[in-house]
Amino acid sequence: MMLMSPLTSYFRLTRKAFANLEDTKFVSSKEDRKRVCVDPDVERVHRCHQNDLENITPFVLAVFLYTLTGPELSNTLHFRLFAGCQIFHTIAYIGALPQPSRGLS
């Protein structure tokens, strides 16, 4: 999740597709209106980042509450499984792997 913001910025800069007019000021001033557009790659990364925010934030809260109960370390398999599946889902989403790869994660 920490890499999604820089990745979104990277895709916006390399594709020259910005969300707001004021974001284009440091790139070019002549063709500003043309650069405010929707790029499929940028939107894919943005949706992936949004998915991570929607899933990882409640997960971290649930793990924190679970650790307050003093569990044994061997009982954390389901947390590791969720984290691994979320990482695979992120890679499959950004890499545009064919379905059902995202669904299986």
Side-chain angles (χ1 to χ4, degrees):
M1 185 167 81
M2 299 295 290
L3 294 175
M4 297 308 294
S5 292
L7 194 60
T8 303
S9 298
Y10 170 76
F11 272 93
R12 284 197 187 278
L13 289 173
T14 57
R15 306 297 194 274
K16 292 185 171 57
F18 300 99
N20 301 311
L21 185 61
E22 60 267 13
D23 297 340
T24 64
K25 295 298 179 193
F26 66 93
V27 177
S28 172
S29 60
K30 294 181 181 177
E31 301 176 2
D32 285 342
R33 300 216 185 269
K34 293 179 184 177
R35 296 184 189 279
V36 179
C37 62
V38 176
D39 185 72
D41 294 332
V42 173
E43 289 303 311
R44 175 177 290 278
V45 173
H46 178 72
R47 285 191 308 268
C48 187
H49 188 193
Q50 197 169 11
N51 180 278
D52 283 351
L53 288 173
E54 291 171 357
N55 289 312
I56 294 175
T57 305
F59 171 72
V60 169
L61 180 63
V63 168
F64 176 71
L65 293 174
Y66 182 71
T67 56
L68 291 177
T69 64
E72 293 184 24
L73 193 56
S74 61
N75 294 339
T76 60
L77 177 64
H78 47 288
F79 293 125
R80 293 177 186 169
L81 184 65
F82 177 83
C85 288
Q86 188 65 34
I87 291 169
F88 178 71
H89 181 270
T90 300
I91 292 169
Y93 205 112
I94 291 176
L97 298 179
Q99 285 289 31
S101 61
R102 277 194 345 240
L104 293 175
S105 66

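Computed from a predicted model, the values in this text were never measured in an experiment. Numbers for residues simply follow the sequence, beginning at 1. Any value given below was found using the heavy atoms of this structure, including those in side chains, with hydrogens, waters and symmetry copies removed.
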Can you list everything that forms a side-chain contact (heavy atoms from CB on, under 4.5 Å) with Val63? Sequence neighbours excluded, please. Phe59, Thr67, Phe79

Where Ile94 and Arg44 come nearest, the two heavy atoms and their spacing: O-CD, 3.9 Å

Atom pair CZ (Phe82) and OG1 (Thr76), whose distance is rounded to the nearest 0.5 Å: 14.5 Å

I'd like to check the side-chain contact (heavy atoms from CB on, under 4.5 Å) partners of Glu72; sequence neighbours left out, ordered by chain and number. Ser74, Asn75

Connected hydrophobic set around Ile91, excluding itself, where side chains approach under 4.5 Å: Ile87

Is any side-chain heavy atom of His89 closer than 4.5 Å to one of Asn51? yes

From Glu43 atom CD to Gln50 atom CD, the distance as rounded to the nearest 0.5 Å: 9.5 Å

Transitive ILVMFWY cluster of Leu68, excluding itself - 4.5 Å side-chain cut-off: Leu61, Phe64, Leu65

Restricting to non-hydrogen atoms, name the atom on Cys48 and the atom on Thr90 that form the minimum distance, rounded to 0.1 Å. SG-CG2, 3.6 Å

Does Tyr10 have any ring pair (Phe, Tyr, Trp, His ring centres under 6.0 Å) partners at least two apart in sequence or in another chain, and if so, which? none

